[in-house]
Amino acid sequence: MSAALAELEFPAPVAPDPGTPVTVAPGILWLRLALPFPLDHVNIYLIEDGAGWAILDSGINDARSRAWWESVLSGPLAGRRPTRLIVTHFHPDHVGLAGWLAERCDIELIMPRTEYLTTQLHRRWAEAPEIEAHRAFYAASGLDAAASAAMLERDIGYRWLTTDLPPSFRRIAAGDVLTLGGRRFEVLTGGGHAPELAMLLCRDERIFLAADQVLAKISPNVSVWPQEPDGDPLGEFLASLASLRATVPDDALVLPAHNLPFRNLQARLDELIAHHGQRCEAVAAACAQPLLPAEIVPKLFRRSLDAHQTSFAFGETLAHVNYMLRRGRMTAAPGADGRMRVRPA
Ligand SMILES: [Zn+2]
């Protein structure tokens with residue numbers, strides 16, 4: 001645990017059992033749903049909205065999550081129906097049950113436009129011809145067959161972790177204000193972890209619903225995706241963290257999508273920014289000779305990684321490489337086999 005983590009304050013140190021909503025702030029319920037992979041869980045929030053509740057994020061599309069929702073809808077919320085569904089970003093633990101829940105509750109889906117479109121894009125990868133181009137991209141980057149297969153499995157498997165989105169949605173964008181139950185929630189968006197991830201800030205009550213952009217214990221995954229191999233998600237992510245530092249009051253209660261609610265946001269933002277600075281230095285230092293992006297991964301991670309961990313580590317490493325390429329801190333040149341290798345500038 002790092003020094004800054006010790007400075008964080010955890011006002012609700014015990015997480016609720018999956019499927020059992022508890023009050024975490026005035027007029028806000030915290031619902032935790034378990035996930036069938038090591039991330040373990042996702043935090044959903046229900047925000048008082050007049051006679052009912054606005055739902056923030058939906059959980060992954062599996063039988064357990066649907067069953068938890070059924071019990072929540074028929075139990076703790078009975079008599080106060082959901083009013084609308086707000087989804088922060090396209091990752092399946094957030095958008096997975098959006099289509100199902102919007103139809104089940106007959107409510108509108110509210111989402112940033114890029115996140116709605118990105119969900120649609122990833123859902124079609126299960127049968128899309130461009131998946132072959134992804135395979136070529138992974139091979140050109142130096143990923144071995146097992147890690148490539150894990151990446152492709154992730155790209156294709158997205159479809160089954162999500163449900164068909166409603167054919168239309170209501171767009172939210174940075175600068176909008178959502179009025180929920182008489183309270184003003186400013187919409188902030190940030191890139192890097194997802195292209196246009198939505199966050200909600202109730203400035204009057206110092207409540208910040210951060211989704212995955214800032215988490216207490218995990219450094220949010222920031223990865224390059226195959227449809228945009230030259231993308232700069234790390235640049236976007238760091239710009240978003242800097243913007244949050246200038247925008248969100250430090251005494252705000254941060255309600256994140258994973259781990260526990262916390263206070264002292266600024267310390268955590270500083271820690272995440274410093275973490276990525278150190279990772280950039282480590283990536284550059286690993287390239288004593290020109291390397292394929294995937295060849296950098298084992299030099300950064302001492303422990304052996306399975307194919308899935310390698311695929312995540314690869315996406316993150318490429319994000320650091322692209323960040324430094326754009327800023328002239330690394331250069332790329334083709335090797336004898338035509339594949340691009342990188343080294344410090
Ligand atoms: Zn996410």
Side-chain angles (χ1 to χ4, degrees), residues 42 44 54-61 84-99 101-102 107-126 128 130-131 133-134 137 154-159 161-178 185-201 208-215 220-244 247-248 256-258 315-316 318-319 322-323 326:
V42 60
I44 311 281
I55 300 173
L56 184 67
D57 283 335
S58 68
I60 207 161
N61 175 31
R84 39 192 153 171
L85 171 61
I86 305 160
V87 170
T88 59
H89 66 293
F90 79 96
H91 290 161
D93 44 335
H94 300 261
V95 78
L97 281 174
L101 205 50
I107 51 176
E108 184 175 49
L109 172 65
I110 300 174
M111 230 176 142
R113 179 190 283 156
T114 319
E115 299 297 337
Y116 180 86
L117 296 175
T118 305
T119 303
Q120 303 285 31
L121 170 72
H122 283 243
R123 281 184 56 73
R124 67 180 283 282
W125 277 355
E130 67 255 33
I131 212 79
H134 296 186
F137 164 66
R154 179 197 66 175
D155 297 347
I156 293 168
Y158 180 90
R159 170 71 159 266
L161 302 176
T162 55
T163 49
D164 268 331
L165 286 186
S168 64
F169 73 109
R170 181 183 297 274
R171 180 190 181 194
I172 44 171
D176 287 353
V177 172
L178 277 177
F185 288 83
E186 296 169 34
V187 177
L188 317 178
T189 62
H193 176 72
E196 196 189 357
L197 177 147
M199 297 159 271
L200 299 179
L201 171 63
F208 178 47
L209 295 136
D212 286 0
Q213 201 72 346
V214 194
L215 306 170
N221 181 262
V222 174
S223 279
V224 171
W225 287 79
Q227 80 273 21
E228 196 186 342
D230 298 321
D232 182 24
L234 181 57
E236 292 177 52
F237 188 65
L238 292 174
S240 167
L241 297 186
S243 159
L244 294 181
T247 308
V248 181
H258 307 285
E316 285 259 358
L318 195 51
N322 283 2
Y323 178 81
R326 289 218 181 189

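Side-chain atoms of Thr162 and Phe90, non-hydrogen and from C-beta on, never get closer than 4.5 Å to each other. In this structure the side chain of Val95 reaches within 4.5 angstrom of the side chain of Tyr158, judged on heavy atoms. Counting heavy atoms from C-beta outward, Val87 and Glu115 have side chains that stay 4.5 Å or more apart. Residues Met199 and Val214 are not in side-chain contact: their nearest non-hydrogen atoms beyond the backbone lie 4.5 Å or more apart. The shortest side-chain heavy-atom distance between Ile60 and Val42 does not fall under the 4.5 Å cut-off.
Residue pairs that meet the salt bridge (Lys or Arg N to Asp or Glu O under 4.0 Å) test with at least one member in residues 167-177, sequence neighbours left out, are Glu108-Arg170. Pairs of residues two or more places apart, or lying in two chains, that qualify as salt bridge (Lys or Arg N to Asp or Glu O under 4.0 Å) and include a residue from residues 229-241 are Asp232-Arg327.
By the salt bridge (Lys or Arg N to Asp or Glu O under 4.0 Å) test, Glu186 pairs with Arg203, sequence neighbours left out. With sequence neighbours left out, Asn322 forms a side-chain contact (heavy atoms from CB on, under 4.5 Å) with Val224, Leu318, Leu325. For Glu130, the salt bridge (Lys or Arg N to Asp or Glu O under 4.0 Å) partners at least two apart in sequence or on another chain are Arg124. In terms of the side-chain contact (heavy atoms from CB on, under 4.5 Å) criterion, residue partners of Pro166 (sequence neighbours excluded) are, by chain and number, Ala102, Leu109.
Between Tyr116 and Phe169, the two ring planes are parallel [angle under 30°; tilted spans 30° to 60°]. In this structure, Trp225 and Trp125 have tilted ring planes: the angle between them lies in the 30° to 60° band.
The structure places CG of Leu56 at 5.5 Å from CG of Leu200, a figure rounded to the nearest 0.5 Å. The line from CZ of Arg123 to CG of Leu121 is 12.0 Å long, rounded to the nearest 0.5 Å. Residue Phe185 holds its CZ atom at 6.5 Å from CG of Leu209, rounded to the nearest 0.5 Å. Note that CD1 of Ile55 is 4.5 Å distant from CD1 of Ile107, once rounded to the nearest 0.5 Å. From Ile172, atom CD1 reaches atom CG of Leu188 across 10.0 Å, with rounding to the nearest 0.5 Å.
Thr163 and Asn61 form no side-chain donor-acceptor contact under 3.5 Å, judged by distance and modelled atom types alone.
Minimum heavy-atom separation, Gly191 to Gln213: O-NE2, 3.1 Å. Taking both residues in full, the closest heavy atoms of His94 and Asp212 are given as NE2-OD2, 3.0 Å, listed atom of the first, atom of the second, then distance. Of all the heavy atoms in Pro229 and Pro226, the pair that sits closest is CD-O, 3.4 Å. The two atoms that bring Leu234 and Ala319 nearest to each other are CB-O, 3.8 Å, heavy atoms only. The minimum heavy-atom distance linking Ala257 with Leu215 is given by the pair N-CD2, 4.1 Å. Residues Pro233 and Ser223 approach most closely at CG-O, 3.5 Å, considering heavy atoms.
No donor-acceptor pair under 3.5 Å is formed between the side chain of His193 and the backbone N or O of Val222. In this structure a side-chain-to-backbone donor-acceptor pair under 3.5 Å is present from Asp57 to Thr88. Thr189 places no side-chain N or O within donor-acceptor distance of the main-chain N or O of Leu197, the cut-off being under 3.5 Å. Listed for the Glu196 side chain is no donor-acceptor partner under 3.5 Å among the backbone atoms of Pro112.
Note: His91 and His122 fail the aromatic proximity criterion, with ring centroids not under 6.0 Å apart.
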